[in-house]
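See structure below.
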There are 2 protein chains.
Amino acid sequence: MATIKDIAKKAGVSISTVSYALNNSPKISQKTKEKIWKIANELNYQPNTFARSLKGKKRNLIGLVVHEIRGPYYQELVRGIQDVAVMYGYNLIIFCELENKEAASVDLLNNKIVDGALLLSSHITREHIEMLSKRDIPLVLMDRKIKMPKVSSVIINNQKGGKIVARHLYELGHRRIGYMHGALDSMEDKTRFKGFKNELKNKGINIDKRDILNGNFTEESGYKAMKNYLEKNGNNIATAFFCANDEMAIGAISAIKEFGLNVPQDISIVGFDNILLSTYITPKLTTIKRPVYDLGKFAAYQLLNMLDGKSSEEVSIELDVELVIRESTEKPRNV
Amino acid sequence: MATIKDIAKKAGVSISTVSYALNNSPKISQKTKEKIWKIANELNYQPNTFARSLKGKKRNLIGLVVHEIRGPYYQELVRGIQDVAVMYGYNLIIFCELENKEAASVDLLNNKIVDGALLLSSHITREHIEMLSKRDIPLVLMDRKIKMPKVSSVIINNQKGGKIVARHLYELGHRRIGYMHGALDSMEDKTRFKGFKNELKNKGINIDKRDILNGNFTEESGYKAMKNYLEKNGNNIATAFFCANDEMAIGAISAIKEFGLNVPQDISIVGFDNILLSTYITPKLTTIKRPVYDLGKFAAYQLLNMLDGKSSEEVSIELDVELVIRESTEKPRNV
DNA sequence: CTGAAAGCGCTTACAG
DNA sequence: CTGAAAGCGCTTACAG
């Protein structure tokens with residue numbers, strides 16, 4: 001491994017000169033610079049980033065912390081982030097959280113391997129974020145909001161998602177409408193439900209307690225919750241359901257079919273996320289599409305602005321969702 | 001940021017003692033160690049990994065380089081890698097290749113941000129791998145084989161995959177069988193085809209040139225290639241097709257249905273990969289399952305052994321595939 | 001325009 | 001069992 005020392009010796013100059021030259025400082029004459037560059041090339045010189053970082057230099061590296069890598073969601077997200085990062089001359093690395101070792105990624109951030117990070121993992125506690133914030137590591141939270149120095153956030157308007165689902169079902173003529181929870185401790189679930197419930201209330205509709213089901217965001221849980229519901233309530237059921245995500249909606253549809261009912265004729269179903277599968281099942285799923293690419297883009301943009309010192313202010317951006325109407329919703333039978 | 005200097009001052013000892021104590025060296029007395037550990041804790045001390053790396057210390061970090069993040073494939077792969085990495089006390093970071101900037105991830109490796117890496121990206125050239133090999137950065141190639149110092153590889157037996165598909169279709173009674181290429185320059189496609197063709201030849205069957213279609217691994221290309229084939233050849237067609245991946249197989253099935261024929265009654269279809277969608281389409285797809293979790297596991301295992309100096313030898317591991325018979329294959333009509 | 005020197009935060013032979 | 005000191009490869013005021 002060639003170092004600046006080797007270059008200095010070969011060029012017959014001091015290491016300071018080499019360092020300045022390699023950083024293209026105006027202090028050094030063009031002639032000397034060129035000589036040094038040439039030698040650096042010959043020696044296949046690669047700067048040691050650790051030595052550089054020790055002196056407090058930026059690394060032009062940002063991190064993305066996720067707790068899982070799955071589906072087209074991440075692909076788009078990463079694309080959104082990278083498109084911006086490249087423009088700014090930064091590289092991206094991804095940390096995939098370990099289920100039972102959240103500290104791992106925090107350590108990585110603590111070690112300043114990256115200049116700043118985008119956090120999508122809900123596993124990282126508020127305390128850890130606070131610690132990173134105190135250490136001046138710029139952070140952008142995705143799908144989550146915490147007010148702290150050096151911490152910005154970009155969230156998706158889940159509440160509005162719930163609202164437009166409510167409006168869609170109401171306008172089709174549904175009056176008895178149910179909801180399937182994903183997880184009771186999930187912010188996303190909570191805000192989706194809130195927007196949904198409030199909008200229905202505005203229209204004079206209260207969700208019947210019997211029509212509130214509980215799943216855990218998986219297809220199987222959606223299947224079970226719906227099956228259980230149908231077996232218990234027979235024909236006295238809601239004419240439409242909003243499920244907190246697509247996976248559960250797909251499970252629910254299976255259960256409905258198996259029970260001998262039809263979607264959407266007997267029950268309309270709406271999901272959330274617009275996953276790839278939602279267009280492959282029968283009937284195609286009506287759902288809410290999240291601007292995932294934009295989520296990545298705005299988050300990266302915000303992070304890089306913080307890193308470049310352009311906007312020292314923490315900001316909080318909210319992105320809008322969109323209703324995608326397909327085949328799983330229709331007016332109820334009696335309308 | 002507390003440093004060992006701060007700890008030393010507070011403890012009234014030298015920085016060497018602090019360093020030894022923090023590294024739990026037997027040289028230091030238990031009493032001193034405990035005092036130092038306590039102070040380190042109080043000061044919320046975090047070692048500076050750059051300083052450490054500068055001295056040539058390992059970072060206990062490995063990297064995975066991919067050119068795209070998609071689908072359940074990566075999720076399983078990452079899980080396989082992490083399960084092993086955790087056992088060895090290593091963390092994983094993922095570099096997502098940029099389409100037009102392959103050098104980016106090579107730079108990252110060159111900078112020794114990680115101790116070693118797993119390479120899944122075919123974009124990284126042989127020259128770059130050679131350069132990394134020369135710099136003594138242990139590498140494990142996945143789905144690719146290059147003989148070089150410090151470079152191991154774990155590959156999936158694509159050839160066998162082709163072979164067992166051929167055998168399956170032959171045993172069902174098919175005698176005129178076609179193949180749909182994914183990409184002509186893809187090693188994976190090539191070896192799948194090779195295994196397929198050779199096995200058919202062993203059975204006395206030569207693939208008719210007309211029955212060899214060309215796609216590009218996407219669903220759309222599979223749809224187009226099959227549509228085109230059917231329109232051109234009318235009823236004089238193969239009774240079964242092996243498509244180089246599931247996406248194309250799914251596209252092909254759409255085209256066949258649209259043309260008014262049935263799968264598997266008129267044409268049997270086999271894919272490769274066993275993606276999630278393959279069980280959701282109608283008919284469910286017969287396909288080849290790759291041991292993706294194991295791919296990650298073995299690759300990580302090999303890398304960590306190289307890092308720990310347990311096996312300085314480069315190895316090349318080959319993993320077996322498996323036929324998953326579902327609904328898209330059946331004996332041909334005339335049998 | 002160039003160089004000598006201090007220093008970033010650690011590790012580790014060496015001496016005692 | 002503990003400490004003084006060199007050194008890892010850079011950057012950067014400072015002096016000339």
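Chain letters run A, B, ... following the sequence lines, proteins first and then strands; every chain starts at 1.
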Exercise. When the distance from NZ of B:Lys35 to P of D:dT2 is rounded to whole Å, what number comes out?
Worked result: 8 Å
Exercise. Given D:dC8, is OP1 or OP2 found less than 4.0 Å from the side-chain N or O atoms of A:Asn48?
Worked result: no
For this session: Go through D:dT2, D:dT11, D:dG9 for me and flag the one nearest to the A:Thr3 side chain.
Result: D:dG9
Problem set entry | 5′-ward residue of the pair A:Ala51/B:Ile15 relative to DNA chain C | A:Ala51
Exercise. In Å and rounded to the nearest 0.5 Å, what is the CD1 to OG distance from A:Ile317 to A:Ser152?
Worked result: 7.5 Å
For this session: Return the value, rounded to whole Å, for the distance between atom NZ of A:Lys57 and atom C1' of C:dC8.
Result: 13 Å
Problem set entry | Donor/acceptor link under 3.5 angstrom from B:Lys55 side chain onto base of C:dG9 | no
Problem set entry | Any N/O donor-acceptor pair, A:Ser16 side-chain to C:dA4 base, under 3.5 Å | yes
For this session: Determine: side-chain N/O of B:Ser14 to OP1/OP2 of D:dT2, distance under 4.0 Å, yes or no.
Result: no
For this session: Quickly work out the B:Gln46 CD to C:dC10 P distance and round it to whole Å.
Result: 10 Å
For this session: Would you indicate what B:Ser29 reaches in the nucleic acid, counting non-hydrogen atoms under 4.0 angstrom: base, sugar-phosphate, or nothing?
Result: sugar-phosphate
For this session: Pick out which of B:Asn60, B:Ile137, B:Leu109, B:Leu64 makes a side-chain contact (heavy atoms from CB on, under 4.5 Å) with B:Val114.
Result: B:Leu109
Problem set entry | Check: D:dA4 base within 3.5 Å donor-acceptor of B:Tyr20 side chain | no
Exercise. Does OP1 or OP2 of C:dG9 have a side-chain N or O of B:Arg52 closer than 4.0 Å?
Worked result: no
Problem set entry | Derivation and outcome, side chain to side chain donor-acceptor pair (under 3.5 Å), residues B:Ser14 and B:Thr17 | CA-CA 5 Å; B:Ser14 74; B:Thr17 302; 3.1 Å; yes
Problem set entry | Euclidean distance, atom CG of residue B:Asn23 to atom P of C:dC10 [Å, nearest integer] | 11 Å
Exercise. What's the CG-P distance between A:Leu22 and D:dG9, to the nearest Å?
Worked result: 15 Å
Exercise. Side-chain donor or acceptor of A:Lys5 under 3.5 Å from a matching atom on the base of D:dG9?
Worked result: no
Exercise. Applying a 3.5 Å limit to both distances, which nucleotide forms a Watson-Crick or G-U wobble pair with D:dA13?
Worked result: none
For this session: Report the nucleotide, chosen from C:dT11, D:dT2, D:dA13, that has the shortest atom-to-atom distance to any side-chain atom of A:Lys27.
Result: D:dA13
For this session: Give the rounded distance in Å between these two atoms: CD1 of A:Ile36 and P of C:dG3.
Result: 8 Å
Exercise. Between A:Arg290 and A:Asp273, is there a salt bridge with N-O shorter than 4.0 Å?
Worked result: yes
Exercise. Which of these nucleotides, D:dT12, C:dG9, C:dT2, is closest to any side-chain atom of A:Thr32?
Worked result: C:dT2
Problem set entry | Distance in angstrom units between B:Ile28 CD1 and C:dT11 C1', rounded | 13 Å
For this session: Once you apply the 3.5 Å cut-off to both distances, tell me the Watson-Crick or G-U wobble partner of C:dA4, or none.
Result: none
Problem set entry | Residue of the set A:Asp115, A:Leu61, A:Leu303 for which side-chain contact (heavy atoms from CB on, under 4.5 Å) holds with A:Tyr90 | A:Asp115
Problem set entry | Between D:dA6 (P) and B:Leu54 (CG): distance, integer Å | 18 Å
Problem set entry | Lys/Arg N to Asp/Glu carboxylate O, A:Lys38 vs A:Glu42, below 4.0 Å | yes
